[in-house]
Amino acid sequence: APVPINKYNEAIRRQSRGRVAITSRSMRQILSELVLSENIFQRLGPALNSGTSIFLYGPPGDGKTSIAKAFGSLVLSQTMYIPYALYLDGQVVKLYDAGNHQLADDTENGGNNGGLKVGPRSDMRWVKIRRPFVITGGELTLEGLDLVFDDVHKFYEAPFQVKANGGILLIDDFGRQQVRPRDLLNRWIVPLENRVDYLTLHTGRKVDIPFDVLVVFSTNLPPRDLVDEAFLRRLRHKIEISDPSYEEYREIFMRVSKQKGIQYNDQALAYLLEEWYIKRNRKLRASHPRDLCDQILDIARYLSIDPIMSKEMIDRAAQAYFVEI
C-alpha cells in the first residue's frame, strides 16, 4: 500500500537532520584520490555541508564529475528510509527505483535517520536505502522533472529530484541537455530557494513535496552562456575547477603511472611538458595523465614491451591522443 504524501513529507524533513556534517578531515578522506589546489579544496567542504546547491564550472577534463562522484560516495555511506510508493489525491506515485536506490542492510546504521521509527520490520511500506546519488545528463527533459503517468499500469513515476530527496542530484554536462538551460533553471528557481517543489497531477492539481536535495550542476560551458544573475543568486556555492598547475599535473601523473604499472620518469615528463604543452601553447588538463598513460599501455602491449615513460613513448602517445582544434 502507498504511503500518504503528508507522512512522506514529515519523514523526509526529519531525516534531513540525520545528515553527517563534513569536516576538513573527512573531506580529505573522500577527496584523497584527487589532486586539487588548497583553494578549491577549502571551498568544497562548506558547499557539501550546505545541502543545497553547488555550481561546478571550468574547462573539460579537470575533475568536476570526479568531485561530484566523490561526494556521492559519502552520501552512499549513510542510510535513510523511503516508501515504495506515495498516495496523493487518489493517485499512486512509484518512488522506489532499483536503478537509483541502493538497498541497505537492515543491520547497518550508516548515520542518524532523524529518529524515524519506520522500516521493514514495523511497516512493510517503507524500505531502507543508502542515501541516493542520482546522476542525469543529456537525457534530462522538462517533462522528466514532473510526474510521469503510466497509461498501462495507471500510476505515476516520481521525477529525478524526488527520487534524489535526502541525497544528491548531479546534473552532469549541464547545458547539453535536450531542454534549454534557462528553461531548466527557471523550473527550479522556486524549489532551490524555498526547498519545496510543486508537482502536477493529470487532473491539474498541484502537490507540494520537499526539495531536500543537494543539486550539483557540473558544466564546462561559460556560466554567462547558461545562467543569469537572478539564478546565480539562488545557487549557494559557485566553484570554478581550474586547470592544474605544473606541480599538480606532475603529482597526478605520478599517481596514475603508479596505479597503471608504468615506470615513471621525471625527465620524460619534462620533455612532454616542453614539447607537447609549452611549445604548442596547450592547456594542462587533469584528465591528460590518465589518458596518456592508457595510450602508453596500448602501445607497449602492441610492441610487446614493458610500459615505460620514454621520449619515444611520450611522442607516440601524444601523437595518438592530441588533436589540434
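No more than 12 heavy atoms of other residues, nucleotides or ligands shown are found within 6.0 angstrom of CG on Asp306.
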Lys163 and Glu157: salt bridge (charged side-chain N to carboxylate O under 4.0 Å, His left out), yes or no, with the steps? CA-CA 10 Å; Lys163 292 178 181 179; Glu157 182 81 20; 2.7 Å; yes
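Judged by distance alone, the side chain of Arg195 and the main-chain N or O of Phe211 form a donor-acceptor pair under 3.5 Å. At distances below 3.5 Å, not a single donor-acceptor pair connects side-chain atoms of Asp212 with backbone N or O atoms of Arg13. At distances below 3.5 Å, at least one donor-acceptor pair connects side-chain atoms of Asn265 with backbone N or O atoms of Gln267. For Arg236 (side chain) and Thr52 (main-chain N/O), no donor-acceptor pair under 3.5 Å exists by modelled atom type. Looking at Asp146, its side chain does come within 3.5 Å of a backbone N or O of Thr200 through a donor-acceptor pair. Between the Glu275 side chain and the Leu272 main chain, no donor and acceptor come within less than 3.5 Å of each other. Side-chain atoms of Arg130 never come within 3.5 Å of backbone atoms of Met80 as a donor-acceptor pair (strictly under, hydrogens ignored).
Ring geometry for Phe253 against Tyr264 counts as tilted: the plane angle lies between 30° and 60°, on a 0 to 90° scale.
Applying the side chain to side chain donor-acceptor pair (under 3.5 Å) rule to pairs touching residues 59-76 yields Thr65-Asp172, sequence neighbours excluded. Applying the side chain to side chain donor-acceptor pair (under 3.5 Å) test to pairs two or more places apart or on separate chains, those with a residue in residues 309-323 are Tyr271-Asp315, Trp276-Asp315, Asp291-Tyr321.
Comment: Arg285 engages Asp243 in a salt bridge, judged by a side-chain N to carboxylate O separation of less than 4.0 angstrom. Ion pairing between Arg28 and Glu38 holds under the 4.0 Å rule for side-chain N and carboxylate O. Taking a cutoff of 4.0 Å between a charged side-chain nitrogen and a carboxylate oxygen, Arg250 and Asp266 qualify as a salt bridge.
For the residue pair Tyr249/Tyr277, the side-chain donor-acceptor check at 3.5 Å is satisfied. The closest side-chain donor-acceptor pair between Gln161 and Asp197 falls under 3.5 angstrom.
Linking Ile, Leu, Val, Met, Phe, Trp and Tyr whenever their side-chain heavy atoms come within less than 4.5 Å leaves Ile241 and Ile252 in two separate clusters. Neither Tyr198 nor Leu95 shares a network with the other; the hydrophobic side chains, linked directly or stepwise wherever heavy atoms of I, L, V, M, F, W or Y lie under 4.5 Å apart, form separate groups for each. Under the 4.5 Å side-chain heavy-atom criterion for ILVMFWY residues, a single connected hydrophobic cluster contains both Ile22 and Phe41. Under a hydrophobic-cluster definition in which Ile, Leu, Val, Met, Phe, Trp and Tyr are linked whenever side-chain heavy atoms come within less than 4.5 Å, directly or via other members, Met254 and Val35 are assigned to different clusters. The cluster map of Ile, Leu, Val, Met, Phe, Trp and Tyr, joined by side-chain heavy atoms under 4.5 Å apart, puts Val207 and Ile12 in the same cluster.
The one candidate from Ile239, Ile54, Leu34 that meets the side-chain contact (heavy atoms from CB on, under 4.5 Å) condition with Ile67 is Leu34.
Atoms CZ and CG, from Phe174 and Leu221 in turn, are 9.0 Å apart once rounded to the nearest 0.5 Å. Note that CZ of Arg25 is 6.0 Å distant from CD of Gln29, once rounded to the nearest 0.5 Å.
When all heavy atoms of Asn165 and Pro210 are compared, the closest pair comes out as ND2-O, 2.9 Å. The shortest non-hydrogen separation linking Leu76 to Arg131 is CD2-O, 3.5 Å. Scanning both residues, Gly261 and Pro307, for their nearest heavy atoms gives O-CG, 3.7 Å.
The shortest side-chain heavy-atom distance between Val93 and Leu147 falls under the 4.5 Å cut-off.
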